[in-house]
Protein chains: 2
Amino acid sequence: MRTPVMPSTGALRPLGTEEVRLTGGHWSERQAVNASATIRHCLHWLEELDWIANFDRVAAGEAAGRPFQRAGREFSDSEVYKLAEAMAWEIGRTGDADLEATFVELTARIGAAQHEDGYLNTAFGNPGQEPRYSNLEWGHELYCAGHLIQAAVARLRNHGEDEFVRIARRVADHVCDTFGPGGIERICGHAEIEVALAEFARATGEARYLEQARLFIERHGRKTLRENGFYYQDDVPVRDAEVLRGHAVRALYLSSGAIDVAVETGDRELLDAVRRQWDRTVARRTHLTGGMGSQYADEAFGRDFALGPDRAYAESCAGIGAVMTAWRLTLATGESHYGDMIERIAWNVLAGAVAPDGKAFFYANPLHQRTADPDPSDGDALSHVHAGGRRAKWFDVSCCPTNLARTFAQFAVYVATADDQGVQIHQHAPAAIDTRVAGTRFALRISTAYPDDGAITVSVEANDGGERTVSLRVPAWAAGASVTGPDGETRPAEPGTFARVTADFQAGDEIRLDLPVEPRWTLPDPRVDAVRGCAAVEQGPVVLCAESLDVPGGDLDELTVDTSAAPVVRDGRVYVAAHVHDRADGWPYGPAPADDDGKTAEVPLLPFRLRATREPAAMRVWLPVD
Amino acid sequence: MRTPVMPSTGALRPLGTEEVRLTGGHWSERQAVNASATIRHCLHWLEELDWIANFDRVAAGEAAGRPFQRAGREFSDSEVYKLAEAMAWEIGRTGDADLEATFVELTARIGAAQHEDGYLNTAFGNPGQEPRYSNLEWGHELYCAGHLIQAAVARLRNHGEDEFVRIARRVADHVCDTFGPGGIERICGHAEIEVALAEFARATGEARYLEQARLFIERHGRKTLRENGFYYQDDVPVRDAEVLRGHAVRALYLSSGAIDVAVETGDRELLDAVRRQWDRTVARRTHLTGGMGSQYADEAFGRDFALGPDRAYAESCAGIGAVMTAWRLTLATGESHYGDMIERIAWNVLAGAVAPDGKAFFYANPLHQRTADPDPSDGDALSHVHAGGRRAKWFDVSCCPTNLARTFAQFAVYVATADDQGVQIHQHAPAAIDTRVAGTRFALRISTAYPDDGAITVSVEANDGGERTVSLRVPAWAAGASVTGPDGETRPAEPGTFARVTADFQAGDEIRLDLPVEPRWTLPDPRVDAVRGCAAVEQGPVVLCAESLDVPGGDLDELTVDTSAAPVVRDGRVYVAAHVHDRADGWPYGPAPADDDGKTAEVPLLPFRLRATREPAAMRVWLPVD
């Protein structure tokens, strides 16, 4: 089945892209741009910068005469693999023959660099380089291997066994041979091999891959890495930790792997540990956008309630890691709130991390941009500006573009699941679902302009199995939601649950969920220090922001808003009542720092994902209240 | 004269330690602890870690058989020099014969590593090392040279020409030979050589040192360093910049050097540029404590109004750099507000950066510590925890301990200045001043328990010159201050100015300044996002904080304060009226996030400088208002 995560057990069964596909709307458009622009853009840069050529050089034994000089950072192989994964999903989705030819060619170049014993890495272990596994903290060798293996899972499920999959098998076998009991009983400084091996075990049926994933999970927190265990999640065993911490992407990839291992081994304690960590992370370490990792230093989770919007790192890849984790928890538990978080992250982190044209990217996604930064210079092949206010074409550490590409290519799978009673709809997007429930066909079509419009209609296209339940996620913010069954009866839908409609569905039956998508004021928990005294506007799952371009005078620091009036929609834009001040500088602390009443103004907002798509501007999500 | 900064022109003339000395109170105690504990502590660690032995190894040509393996980071020489400077000041202050012997011995060890042509550095240019000046961005060679030269200034003025000074002359000549016109026309990635050469020119009369300092200042902003010019202040010429930016210590050392060059060369434009940058930095980039450098990443100044208290870096060395800058501006302009900032920094950054016993240090000085971190492990010889909530004995990057040592050893000079009309008192501390004004003796004694008590009495001990003016700095916060002349007449003293008393003073005459030192609520400028809705308590120049140890239940996140009641003093402690809440976790954003009224409580505060001197605790300066 064409799906990235396929547990052997769990509350819900994922659907493959042969069972669910996007049929229009925002995510369908993103997939189209991903296919037509982003994947080629990434391929261009990987060639331009010789990150693919690194494989050719290893294959050619170029080190003979001189030390092997490779291009890119030590983890650049992983970008090639993540792009291969994106291509595998895209080939599966559309059957693109050109892309298939490119994939086969890339496979040959990768395979040519593989050692006899299965080892494959262009940064270590080749003539003139540091030895294999000589720097587990920072070498990223198992991290790269993990991305190769995840790509192989995609290839196996979208295409079947081929040379790419065989390369990955040899890598996975080599990893098990080397890091199994009695071998190097340590971990990689960047989690990823765990989640990859666990899924490869599911995809291939090889139990040793799962066992090796389990060993890596258990070794975390045993302090087998030198120093700084907190950063690598090597400070506390996964099953003992209380909250996600350290480098955010690492923490979320590790959580994903831990869930897979817990589910496959029936380790309830481990699963509960990850759920506990997720809950506290959501309650105390997550930004309004769903962005995780609040601090730039170490690209890490900050402390509880340390959620400053201007230095929110909220890395795009951490968003992907959070979707990976939340999706696995959805499948394991069947609870709806994980889908709330996937929706929030998808609309506000992932969708905005790629430019509308698919060719520029945000690495960090802060909720407040203080200055109108210019675009990264065209002359900079590699942008070091991971954290500027404008999207960049590529980065020296360029994990996000390829990661986003693979995620958008597989996005349809997050829309729905099934169980023996029926189908659960997690993401409200135009889609066609055609699956089997308890052995018989059940086909649905989702029609909606959500979140621009709150009506979501599910039409039954075929039902061969009698009574079924269709469950629609009602987001926790959706106070006033209602659901209408095929009998035409409308009843309230409880926010934070699934609205369940059970019937002996006939083709042509319709279910309708109505979600309230008027723009609304949102306030922070009083313990979130950095945004005290502020409010934000949300519209459905979409977080809005103000840009200085729309503020009279252009100084966003001088804007305050009046939350006594609801935001209004006019000509498709959301407006808030505001005041624009003109304050004098001086020592900024005192008994009654200077303020003024300000001039009244009506200021338009825009979706956070569309920030920085006009002229350079300052931007903020959290707006100080008058 | 025994003073670190001696401009040839300016509004005010500095006094040397032969003219002004501390006679009791807080700063006198700090000097005593500095002498009895901190200097020896630093010496111990510099020996323990072989950072002094690096000089012996270079001298012994130890590289012969194998590549020279040196101890410490590339800038560790500078710690030896800063400690030498501290010792030079301390020897000048007390005539400590043991310390003099240690200084002479250290001089010999340093000198033995000097190359024939004057080059002196243990990290570059010796057998087995990278060549001299092969990494100006990060090599810190001129930075180290600068600290050697500043120590030589201290030695020259406290002792006179000796071998240490001769070593520094050879270094300075070598720098001028190498980096003069036609030489390497670039800069060092860490400013320091500028301020050092400018003062060495003043101390030795060598004009070429000043010219070289001027060249280095002018080369900043010409992009002679690779990449990241912002960090090194190589993005914009000093005279064109609008605000301090990039790495805070670098920015402030550079500003200090620029002022020296501007003053000595009569470059009014350059002086005005630094004043403009300082003013905007104070208004928009400075914490309540006077701490500068609001972000951990790059140890840098954040953007305007980016002043989050929990991730405030506010490096101890940046505090020292700010005192260096503010003192030079005091001397150049005669304005009182620079002294306000020195006072604020001294009480809240510098005094707290050293433990009461003088043997543990804060590197970063955030205004909010979210968790009760334990002490750095005793097993860690070098603490990597630059930013934890507890003081550490030493650091791998250990710039702060020696920098604090040299600053406390010379602290008396910041108390007062003179001009042809009289004496200006900038810091209110018990002190004896005995100087000459317009050629004749003028001796004063300051008696005060400030800031515990607001009364500052200046007694005239001798006046050989008839009419004089004694000027006492009235801090900007001191609403309600008054001054009483020798005639017994009391008049209001305008905050933010000098209270000036002019008289034909006789021995025994007294002037009294009364400053209001009751604890007071302080609110932030509405543009300081991170502390909106909070208030802090200040008492005179002292910023107070709450520690979780004093909060019922121990959870500082659950504390709010009632600012309608003034803070009260009871048994020497300051108390505020507060509420302690008990809030539930969940998604922390919504239409009306859960809050409760809380239980009323009275919570004691303590001076920020005394934080983390009891059990581990969470701590915060800015307290959320009910």
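Order of the sequence lines fixes the chain letters, A, B, ..., with proteins taken first and strands second; residue numbering starts at 1 for each chain. Bear in mind the structure is a predicted one, so any value in this text is a computation, not a measurement.
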Inset, instruction - Could you have a look at Gly590(B), Cys534(B), Ala476(B), Pro591(B) and say which one has the most heavy-atom pairs with chain A under 4.5 angstrom? - result: Gly590(B)

Inset, instruction - Examine Arg311(A) relative to Tyr296(A) and say whether NZ or CZ is less than 6.0 Å from the centre of the six-membered ring and inside a 45° cone about the ring axis. - result: yes

Inset, instruction - Could you look at Asp310(A) and say if it's the side chain, the backbone, both or neither that has a heavy atom under 4.5 Å from chain B? - result: side chain

Legend entry - Most chain A-contacting option - heavy-atom pairs closer than 4.5 Å, from Ala297(B), Ala306(B), Gly302(B): Ala306(B)

Legend entry - salt_bridge(Glu335(A), Arg473(A)) N-O dist < 4.0 Å: no

Legend entry - Rounded distance (nearest 0.5 Å) linking atom OG1 of Thr286(A) with atom CD1 of Ile345(A): 7.5 Å

Inset, instruction - Tell me, out of Glu538(A), Arg284(A), Arg527(A), who's got the most heavy-atom pairs with chain B below 4.5 Å. - result: Arg527(A)

Inset, instruction - Give me the ring orientation class for Phe395(B) and Tyr363(B): parallel if the planes are under 30° apart, tilted from 30 to 60°, perpendicular past 60°. - result: perpendicular

Inset, instruction - Can you measure from CG (Leu244(B)) to NE2 (His247(B)) and round to the nearest 0.5 angstrom? - result: 13.5 Å

Legend entry - Selection from Arg532(B), Glu558(B), Arg280(B) maximising heavy-atom pairs under 4.5 Å formed with chain A: Arg532(B)

Legend entry - Options Ala536(A), Pro624(A), Gly533(A), ranked by heavy-atom pairs under 4.5 Å with chain B, top entry: Pro624(A)

Legend entry - Under 4.5 Å from a heavy atom of chain A, the part of His368(B) involved: side chain

Legend entry - Among the listed options Thr522(A), Val531(A), Val625(A), Asp298(A), the residue most often paired with chain B at heavy-atom distances under 4.5 Å: Thr522(A)

Inset, instruction - Select, from Pro309(B), Ala530(B), Gly308(B), the one with the greatest count of heavy-atom pairs under 4.5 Å involving chain A. - result: Ala530(B)

Legend entry - Among the listed options Asp529(B), Thr563(B), Asp557(B), the residue most often paired with chain A at heavy-atom distances under 4.5 Å: Asp529(B)

Legend entry - Heavy-atom pair count under 4.5 Å with chain A, highest-scoring of Val282(B), Val528(B), Leu288(B): Leu288(B)

Legend entry - Option passing side-chain hydrogen bond (donor to acceptor under 3.5 Å, both in side chains) with His579(A) (candidates Asp626(A), Asp597(A), Asp596(A)): Asp626(A)

Inset, instruction - I would like to know whether Arg620(B) and Cys545(B) meet side chain to side chain contact (heavy atoms under 4.5 Å, CB included); could you show each step before the answer? - result: CA-CA 5 Å; Arg620(B) 63 189 303 164; Cys545(B) 66; over 6 Å; no

Legend entry - Portion of Trp477(B) that has a non-hydrogen atom of chain A nearer than 4.5 angstrom: neither

Inset, instruction - To the nearest 0.5 Å, tell me how far Ser294(A) OG sits from Phe301(A) CZ. - result: 8.5 Å

Legend entry - Minimum-distance pair of heavy atoms, taken over all atoms of Ala578(B) and Leu559(B): CB-CD1, 3.6 Å

Inset, instruction - Please state whether the side chain, the backbone, both or neither of Arg285(B) comes within less than 4.5 Å of a heavy atom of chain A. - result: neither

Legend entry - Whether Lys223(B) side chain and Asp235(B) backbone form a donor-acceptor pair below 3.5 Å: yes

Legend entry - Part of Gln295(A) lying under 4.5 Å from any heavy atom of chain B: side chain

Legend entry - Heavy-atom pair with the smallest gap, counting every atom of Pro524(B) and Tyr589(A): CA-CD2, 4.0 Å

Legend entry - Engaged part of Arg520(B) at the chain A interface, taking heavy atoms whose separation is under 4.5 Å: neither

Legend entry - Which of Thr560(A), Leu523(A), Asp279(A) touches chain B most, by non-hydrogen pairs under 4.5 Å: Leu523(A)

Inset, instruction - Could you check which of His337(A), Met341(A), Arg344(A), His581(A) has the highest count of heavy-atom pairs closer than 4.5 Å to chain B? - result: Arg344(A)

